[in-house]
Amino acid sequence: METFPKIISVDDHTVEPAHVWRDRLPSKYLDRGPRIVRAPLKEMTFMGGKFAPVMGAKGDDGPIGDWWVYEDLHRPLTRLDTAVGYDRDEIKLEIITYEQMRPGSFSVPERLADMDVNHVQSALCFPTFPRFCGQTFTEAKDRELGLLGVRAYNDWMVEEWCGPEAHGRLIPLTLIPLWDAELAAEEVRRNAARGVRAVAFSEIPPHLGLPSIHTDEWDPFLRACDETGTVVAMHIGSSSKMPSTSADAPPAVGSTITFANCCFSMVDWLMSGKFERFPNLRIMYAEGQIGWIPYILERADVVWEENRAWGGVADKVHRPPSELFAEHVYGCFFDDAFGLKNLDSIGVGNVLYETDYPHSDSTWPESREVGEAQMGHLDADVVDRIVRRNAIDLLGLTDDGLWAGPGGGR
């Protein structure tokens, strides 16, 4: 291509600096709230989609790394959290310290510099320690502390990570207290008032022990998103259950089928009736890729047309699922040549681009080159929509593709 649009990535990641909760929680919670401890690794496995690290005691043998400690949780920083800049064959499941990370993982100036290298103008970032939709706080015992932890993260995200130093190039994505839909609605509105237009949510809430979207339990939260224009962003793994086939399946199995949870989740939403109840609601699937979407839409339409009488949806889904998808759902990809060849069956307006910095799947620093190679058959205006314009419209960015800051947005 003669020119490739500056990228707006809708799925990157931040590794939270050690001070996020230390600086924002009341002093009485500092010994139980999230904090960094440097300690040895006793053992760590990642099999059958389950990540299981064990922290050693001071003086034990084993590699030394930085750990998030929160109540009874011990979660290490790993090379998979921040793998860019390393040869693919050097990326292993190993514990690391902040000093062993690429600084752009947790530092705004270095992040902007790495975005420049990668032809990226703006980026929406999912969390690391809270996990992709704040499950860490949902699983904690102390709900009061958990709510303070969610709010502290959101304040850091809006005021510091996406603060003045970011010059509008980092787009805020906030969390909710998943255990209470009314509190979740309050948090959506609190952040929407300062220009936030994206909130993280679980792709399959029942995997977290929470109600499904087929119930009315989430309606206060969904109503808040509908009324504020806040997109519901769901990342692969946001149900804390990565798809796999068996307890002894190597991570490569799960890595190949990571899209599966997005697939299941999207059918849930299309058959839930929520899009008709909340007509302004929009959802997006981060890192789910797009090549699988055409068949699911075809099959969902057939089921709706032929089987809705006995399928339990005739009274709440009154339009073909493919029509609902076109108005409400966005698929996100970083490397999907097959999906782009079938773009007409997905919809130009329903696709967003991402770079997945700094994870092991990231196309950094060649996201432009990957995009040029895979989108070379598309018209320039179509490429612009995928790479920039769809994200600008969805996230309420300025015409220049920047976050307008508190009070900005739509």
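If you're wondering where the values come from, they're calculated on a predicted model, not measured in any experiment.
- Ionic pairing of Glu165 and Arg111 is not present here: no N-O contact between side-chain nitrogen and carboxylate oxygen is shorter than 4.0 angstrom.
- Residue Asn350 holds its CG atom at 13.0 Å from CE of Met284, rounded to the nearest 0.5 Å.
- When Val84, Asn118, Asp335 are each tested for a side chain to side chain contact (heavy atoms under 4.5 Å, CB included) with Ser362, only one passes: Val84.
- The CZ atom of Arg143 sits 6.0 Å away from the CH2 atom of Trp179 when rounded to the nearest 0.5 Å.
- Electrostatic pairing of Asp116 and Arg169 counts as a salt bridge here, judged by a charged N lying under 4.0 Å from a carboxylate O.
- Between Phe221 and Trp218, the ring planes are perpendicular. Angles over 60° get that label, and only those under 30° would be called parallel.
- With salt bridges taken as basic N to acidic carboxylate O contacts below 4.0 Å, none links Arg24 and Asp155.
- Ring orientation note: the planes of Tyr98 and Phe106 are nearly perpendicular, at an angle over 60° on the 30°/60° scale.
- Taking the side chain as every heavy atom from C-beta outward, Lys6 and Arg388 approach each other to under 4.5 Å.
- Residues Met234 and Phe132 fail the side-chain proximity criterion, which asks for heavy atoms closer than 4.5 Å.
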Please step through salt bridge (charged side-chain N to carboxylate O under 4.0 Å, His left out) for the pair Arg75 and Asp81, ending with a clear verdict. CA-CA 12 Å; Arg75 198 277 191 195; Asp81 292 329; 2.7 Å; yes

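- The residues Glu182 and Arg223 are annotated as not salt-bridged, no charged nitrogen and carboxylate oxygen being separated by less than 4.0 angstrom.
- A distance of 9.5 Å separates CD1 in Ile91 from OG1 in Thr82, rounded to the nearest 0.5 Å.
- Side-chain contact between Val15 and Met101 is present, with at least one heavy-atom pair separated by less than 4.5 Å.
- A 4.5 Å side-chain heavy-atom check between Glu186 and Arg189 finds every atom pair outside the cut-off.
- Ring pair His359/His13 is parallel by interplanar angle, where below 30° counts as parallel and above 60° as perpendicular.
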Please step through side chain to side chain contact (heavy atoms under 4.5 Å, CB included) for the pair Leu324 and Val329, ending with a clear verdict. CA-CA 8 Å; Leu324 298 173; Val329 185; over 6 Å; no

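- Residues Arg194 and Glu159 are paired through a salt bridge, judged by an N-O separation under 4.0 Å between the basic side chain and the carboxylate.
- For the atom pair Thr97 OG1 and Gln100 CD, the distance stands at 3.5 Å (nearest 0.5 Å).
- The side-chain heavy atoms of Asp12 and Leu124, taken from C-beta on, include no pair separated by under 4.5 Å.
- A donor-acceptor contact shorter than 3.5 Å is absent between the side chain of Ser345 and the backbone of Pro294.
- By the 30° and 60° cut-offs, the orientation of the rings of Phe129 relative to Phe137 is perpendicular.
- Ion pairing of Arg308 with Asp315 is absent here, as no side-chain N (NZ or NE/NH1/NH2) approaches a carboxylate O to less than 4.0 Å.
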Begin from the C-alpha positions of Val196 and Asn154 and carry the test side chain to side chain contact (heavy atoms under 4.5 Å, CB included) through to its verdict. CA-CA 10 Å; Val196 178; Asn154 291 341; over 6 Å; no

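- Side-chain contact between Phe333 and Glu287 is absent, with no heavy atoms from C-beta onward closer than 4.5 Å.
- Under the 4.0 Å criterion applied to side-chain N and carboxylate O atoms, Arg190 and Glu187 are assigned as salt-bridge partners.
- Under the 30°/60° scheme for interplanar angles, the aromatic rings of His74 and Trp67 are found to stand perpendicular.
- Phe325 has its side chain within reach of Ile346: a pair of non-hydrogen atoms, C-beta onward, lies under 4.5 Å apart.
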Would you please test Tyr330 and Tyr285 for ring-ring contact (aromatic ring centres under 6.0 Å, His included) and show each step? CA-CA 6 Å; Tyr330 295 78; Tyr285 288 101; over 10 Å; no

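- Using a cutoff of 4.0 Å between basic side-chain nitrogens and carboxylate oxygens, Glu90 and Arg79 are not scored as salt-bridged.
- You'll find the side chain of Cys133 reaches within 4.5 Å of the side chain of Leu178, heavy atoms only.
- Relative ring orientation between Phe275 and His328 is described as parallel, the plane-to-plane angle staying below 30° on a 0-90° scale split at 30° and 60°.
- Of the possible donor and acceptor atoms, one in the side chain of Ser105 sits under 3.5 Å from a partner among the backbone N and O of Arg102.
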side-chain hydrogen bond (donor to acceptor under 3.5 Å, both in side chains) between Asp400 and Thr398, worked out: CA-CA 5 Å; Asp400 294 329; Thr398 68; 4.9 Å; no

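- Ion pair Asp216/Arg277 flagged as a salt bridge, since at least one NZ, NE, NH1 or NH2 atom sits closer than 4.0 Å to an Asp/Glu carboxylate oxygen.
- Looking at Asp336, its side chain does come within 3.5 Å of a backbone N or O of Gly291 through a donor-acceptor pair.
- Distance check: Asp11 CG to Thr355 OG1 gives 7.5 Å after rounding to the nearest 0.5 Å.
- Judged by distance alone, the side chain of Asp142 and the main-chain N or O of Leu145 form a donor-acceptor pair under 3.5 Å.
- Judged purely by atom type and a 3.5 angstrom limit, Ser9 has no side-chain atom pairing as donor or acceptor with the backbone of Glu354.
- Side-chain atoms of Ser255 never come within 3.5 Å of backbone atoms of Ala252 as a donor-acceptor pair (strictly under, hydrogens ignored).
- Rounding to the nearest 0.5 angstrom, the gap separating the SG atom in Cys125 from the CE atom in Met157 is 6.0 Å.
- A donor-acceptor pair under 3.5 Å links the side-chain atoms of Arg35 to the main chain of Gly33, judged by distance alone.
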